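This report concerns only the one structure given below.
A quick note: this is a predicted structure, and the numbers were derived from the prediction, not measured.
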Amino acid sequence: EKGVDYSMVEDLTQIEESVVIKDWKKLADSVDEPESECVIGIVGKYIEQGDAYLSVVKALTHASIATKQRLRIEWIEASSLCKDDDG
């Protein structure tokens, strides 16, 4: 008769071999070792405020993971592109 400990180990082994775990490992590997790098320039007025563009950064992060790329964001202050002081 198998004990509870043996049964739990057997269950954990089956979980490790499951498709979900294999897919998760594949995704994690693509994050750790991306195939290429993607550089995105973001022009903004409030780049000094940490959360101002959080949703944009999250969306780009998810897209880079899905496409197996390392994301590098180049932040550009909008005022540095203006010719006059009117902003």
Side-chain angles (χ1 to χ4, degrees):
E1 185 173 310
K2 297 178 183 178
V4 174
D5 294 343
Y6 181 82
S7 179
M8 289 176 65
V9 169
E10 193 174 65
D11 290 343
L12 290 174
T13 303
Q14 289 174 359
I15 290 172
E16 185 175 335
E17 297 300 320
S18 74
V19 174
V20 173
I21 297 298
K22 287 179 183 177
D23 288 346
W24 182 254
K25 286 181 180 180
K26 187 177 175 182
L27 176 66
D29 289 343
S30 73
V31 171
D32 292 339
E33 298 175 16
E35 295 175 358
S36 61
E37 181 177 59
C38 178
V39 181
I40 302 287
I42 298 179
V43 178
K45 186 173 182 179
Y46 305 105
I47 62 173
E48 297 300 321
Q49 297 176 5
D51 292 345
Y53 302 95
L54 184 60
S55 61
V56 174
V57 171
K58 291 292 184 184
L60 290 171
T61 301
H62 287 238
S64 69
I65 290 169
T67 57
K68 300 178 183 177
Q69 297 184 59
R70 174 177 290 114
L71 175 63
R72 184 165 51 101
I73 298 175
E74 298 281 333
W75 293 97
I76 303 164
E77 176 64 46
S79 62
S80 70
L81 302 176
C82 296
K83 291 183 180 182
D84 55 37
D85 291 336
D86 292 337

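Although no hydrogens or angles enter the test, the distance criterion places no donor-acceptor pair under 3.5 Å between the side chain of Tyr46 and the main chain of Asp51.
When the side chains of ILVMFWY residues are joined at heavy-atom separations under 4.5 Å, either directly or via intervening members, Ile40 and Val43 end up in two distinct hydrophobic clusters. Trp75 and Leu60 fall within the same hydrophobic cluster, where Ile, Leu, Val, Met, Phe, Trp and Tyr residues are linked whenever their side-chain heavy atoms come under 4.5 Å apart, directly or through other members. Cluster annotation: Ile73 and Ile76 are assigned to distinct hydrophobic clusters (Ile/Leu/Val/Met/Phe/Trp/Tyr, side-chain heavy-atom contacts under 4.5 Å, transitive). The cluster map of Ile, Leu, Val, Met, Phe, Trp and Tyr, joined by side-chain heavy atoms under 4.5 Å apart, puts Ile65 and Val57 in different clusters.
Nearest approach of Pro34 to Gln69, heavy atoms of both residues: CB-C, 3.7 Å. Considering all non-hydrogen atoms of both residues, Glu77 and Lys45 come closest at OE2-O, 3.4 Å.
No more than 12 heavy atoms of other residues, nucleotides or ligands lie within 6.0 Å of CD in Glu33, so this atom counts as exposed by the packing criterion. No more than 12 heavy atoms of other residues, nucleotides or ligands shown are found within 6.0 angstrom of CH2 on Trp24.
Residues meeting the side chain to side chain contact (heavy atoms under 4.5 Å, CB included) test with Ser55, sequence neighbours left out: none.
If you take CG on Asp32 and CG on Leu27, they are separated by 9.5 Å, rounding to the nearest 0.5 Å. Note: Glu35 CD to Lys68 NZ = 5.0 Å, rounded to the nearest 0.5 Å. Of the inter-residue distances, the one linking Ser36 atom OG with Arg70 atom CZ reads 9.5 Å to the nearest 0.5 angstrom.
Ile42 is not listed as a side-chain neighbour of Ile47, based on a closest heavy-atom distance of 4.5 Å or more.
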